[in-house]
Structures are given as structure tokens and as C-alpha cells.
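The structure appears right after this line, and notes come after that.
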Amino acid sequence: MIKPLVHINHLTFAWEDEPVLEDVDLKIFEDNFIGMTGPNGGGKTTLIKAILGLVSPRSGRIYYREDLPRKKRPIGYLPQIKHLDRKFPITVLDVVRSGSLMRNIPFRSRSEEKKKAERLLEETGAENLKKKPVGELSGGEMQRVFLCRALISDPRLLILDEPGTYVDNRFEKELFEKLKELNEKMAILVVSHNTAMLDRYAKTMVSVNRQLRHLPSGITGRVADGIL
């Protein structure tokens, strides 16, 4: 029997006395491409933080498969752009290289790390940005760079929180095409309000509004609009 990479089991979370998540169950397998939607304040980002180990549930547990180490779990994370400090004095290349801190097997040398970072930037069409200060990037450029940062650790699961924020439709489509390609090597979990894009690319749909529901294909838009 194939075990999931991550098994969220009856998870409940609250900020002080304010319930955020209630009795959430979700299994993430290594070939999954999960699209997650739901209203603002419904608990989507909190659920991501729980998976990443940034918050602890009030009850329930999150189980990780035995081959996912405890200290540095191979999970890549692309946060929302609006939460990033654009004034921090760091170049694009250094941002990407900083993701290597989460690798279970360190690079043998700084040269090897640099070459991997440069290769990822080239694969995402951002090789010309490597010396640029990160604060000068557009929304689409920022997403490319932080995708590379998430990928340099060779994750088994890649989580993206609203990757379409502050980017145009063409880039968002390019990003989802890249995620489709990456899904051949890792599990993908995408939080997005672009339900049309989720319907097109995700293999599994879920909605989070305090509780988690699995959705049949093709109805995420109606759920997000509050029709269902």
C-alpha cells in the first residue's frame, strides 16, 4: 500500500479562542497536483503553515512519511509576494542560493550551489536577473526567483500560496505549465483564487473554509463564488 508523503489527520487550529480550522483531513501523495481554493480568512494559509511546521495544531496530527527527515523536510514553499520585504538588500542569485539551507544533502561546494542556482534561473527564463536587487523586480520576476529558491532544495512537495498575485495572465499560465512539468518529479499544492486555472491543471480540487471539502472537477469556480 502506497503511503502519502503527508497525512493531515483530524487537524483543528485556533488563534486564541477564534477557530480557524476544524477537523481537517487531507492526504498528499507524491504524484498529486492539488488545487486549493476558498474565501479569504477561510484558513488556507494557516493550513499551509501547519504543513510547514510553522504553527502547531490544537488537536489532530500531521504525519510525514518515513523518508521525509524530521529536521529539514524536503518541502519547497513559494509564499505570497505581498509578505516579502522588497527593501532587504540582496541580489536575485543570493535569494535563490539561500534556499539551499533547506537541503538534506548539502552541496559539496559553493561553486556547485551557484551553478545549480544559475541553472534554475535559466530554466525559468530569469537568468538575466541574477545580479539585480530583489527589490527592483516585477511581480512575475519575483515569482520566478522565489520558485527557483524553493526548487534548489530538491523538494518532494512544492507548496505555492497565491502565485498569481501581482502577475499578468500570460505569466500565470506559464507558471502553471511549469508546475505541470514539475509534477512529474514532485507533489504540488497550489492555493489560488484563479479557479479556472486550477480546474485546468490540478488533478484534485479542495475547498477550505474552516473545514476542508474535496470537490468534483469543474465546480471550484462556483464554490469560490459562494454558489455551492
| message | Using the rule given for side-chain contact (heavy atoms from CB on, under 4.5 Å), can you reason through V190 versus D161, listing the C-alpha separation, both sets of side-chain angles and the distance that settles it, and then say yes or no? | response | CA-CA 6 Å; V190 183; D161 193 1; over 6 Å; no

| What do the steps show when you test D23 against Q211 for side chain to side chain donor-acceptor pair (under 3.5 Å), and what is the final call? | CA-CA 7 Å; D23 199 29; Q211 296 180 324; 5.9 Å; no

| query | Are T12 and E22 close enough, and set up right, to give a side chain to side chain donor-acceptor pair (under 3.5 Å), and what steps lead you there? | reply | CA-CA 4 Å; T12 295; E22 293 181 351; over 6 Å; no

| request: Evaluate the salt bridge (charged side-chain N to carboxylate O under 4.0 Å, His left out) criterion for residues E181 and K178: first the C-alpha distance (whole Å), next the side-chain angles of each, then the deciding distance (0.1 Å), finally the verdict. | output: CA-CA 5 Å; E181 176 187 328; K178 181 65 176 178; 3.5 Å; yes

| message | Apply side-chain contact (heavy atoms from CB on, under 4.5 Å) to residues K49 and Y77 and explain how you reach the verdict. | response | CA-CA 10 Å; K49 289 181 178 180; Y77 176 47; 5.6 Å; no

| Can you check side-chain contact (heavy atoms from CB on, under 4.5 Å) on L26 and H214, steps first, answer last? | CA-CA 9 Å; L26 180 66; H214 288 263; 3.9 Å; yes

| said: Determine whether L189 and F33 satisfy the following criterion, side-chain contact (heavy atoms from CB on, under 4.5 Å), listing intermediate values before the conclusion. | reply: CA-CA 6 Å; L189 171 60; F33 190 139; over 6 Å; no

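The structure places CG of L121 at 11.5 Å from CD of E141, a figure rounded to the nearest 0.5 Å. Note that OG1 of T37 and NE2 of H193 are 6.5 Å apart. Values are rounded to the nearest 0.5 Å. If you take CG on L147 and CG on L158, they are separated by 6.5 Å, rounding to the nearest 0.5 Å. Rounding to the nearest 0.5 Å gives a distance of 12.0 Å between CG of D94 and NZ of K131. Rounded to the nearest 0.5 Å, atoms OG (S207) and CZ (R213) are 5.5 Å apart. Residue L68 holds its CG atom at 15.5 Å from OH of Y63, rounded to the nearest 0.5 Å.
Residues P4 and H7 are in side-chain contact: their nearest non-hydrogen atoms beyond the backbone lie under 4.5 Å apart. Between L47 and F13 there is no side-chain heavy-atom pair separated by less than 4.5 Å. Here the side chains of Q143 and L78 are in contact, with some heavy-atom distance below 4.5 Å. For the pair M36 and M205, the minimum side-chain heavy-atom distance is 4.5 Å or more. Considering only heavy atoms from C-beta on, R97 comes within 4.5 Å of R110 through its side chain. Under the 4.5 Å side-chain criterion, counting only non-hydrogen atoms from C-beta, D154 is in contact with K116. In this structure the side chain of H10 reaches within 4.5 angstrom of the side chain of D25, judged on heavy atoms. Annotation: side chain of L179 is not in contact with side chain of Y201 (no heavy-atom distance under 4.5 Å).
Minimum heavy-atom separation, P155 to G76: CB-N, 3.3 Å. Between S192 and L198 the shortest heavy-atom distance is O-CD1, 3.6 Å. Contact between G43 and V20 at its shortest, heavy atoms only, is CA-CG1, 3.8 Å. For the residue pair A14 and P19, the shortest heavy atom distance occurs at CB-CA, 3.9 Å. What you find for E172 and N194 is that their closest heavy atoms are OE1-ND2, 3.1 Å. Across all their heavy atoms, G99 and S153 have their closest contact at O-CB, 3.7 Å.
With sequence neighbours excluded, the residues that form a side-chain contact (heavy atoms from CB on, under 4.5 Å) with V95 are I90, V134, V145, F146, R149.
We find that E30 and R65 are joined by a salt bridge, their nearest charged nitrogen and carboxylate oxygen being less than 4.0 Å apart. Between K44 and E162, none of the side-chain N atoms (NZ, or NE/NH1/NH2) sits under 4.0 Å from a carboxylate O, so this pair counts as no salt bridge. A salt bridge links D67 with R156: the closest approach of a Lys/Arg side-chain nitrogen to an acidic carboxylate oxygen falls below 4.0 angstrom. Using a 4.0 Å cut-off between a side-chain N of Lys or Arg and a carboxylate O of Asp or Glu, E174 and R144 qualify as a salt bridge. We find that E136 and K132 are not joined by a salt bridge, their nearest charged nitrogen and carboxylate oxygen being 4.0 Å or further apart. A salt bridge links R119 to E123: one of the charged nitrogens lies within less than 4.0 Å of a carboxylate oxygen. Using a cutoff of 4.0 Å between basic side-chain nitrogens and carboxylate oxygens, E177 and K180 are not scored as salt-bridged.
Hydrophobic cluster membership differs between F29 and I62, with clusters built from Ile, Leu, Val, Met, Phe, Trp and Tyr side chains linked at under 4.5 angstrom. Under a hydrophobic clustering in which Ile, Leu, Val, Met, Phe, Trp and Tyr are joined whenever their side-chain heavy atoms come within less than 4.5 Å, directly or via other members, I2 and I188 fall into different clusters. When the side chains of ILVMFWY residues are joined at heavy-atom separations under 4.5 Å, either directly or via intervening members, W15 and L11 end up in a single hydrophobic cluster. Hydrophobic clustering, with ILVMFWY side chains joined whenever heavy atoms are under 4.5 angstrom apart, groups F107 together with L93.
Counting only distance, with no hydrogens or angles, the side chain of E112 and the backbone of R108 share a donor-acceptor pair below 3.5 Å. A distance-only check finds a donor-acceptor pair linking the side chain of N183 to the backbone of M186 [under 3.5 Å].
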Got a list of side-chain donor-acceptor pairs under 3.5 Å for residues 50-59, not counting sequence neighbours?
{"from": "R58", "atom 1": "NH2", "to": "E16", "atom 2": "O", "distance (Å)": "2.6"}

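Remark: K203 NZ is packed, more than 12 non-hydrogen atoms of other residues, nucleotides or ligands lying under 6.0 Å away.
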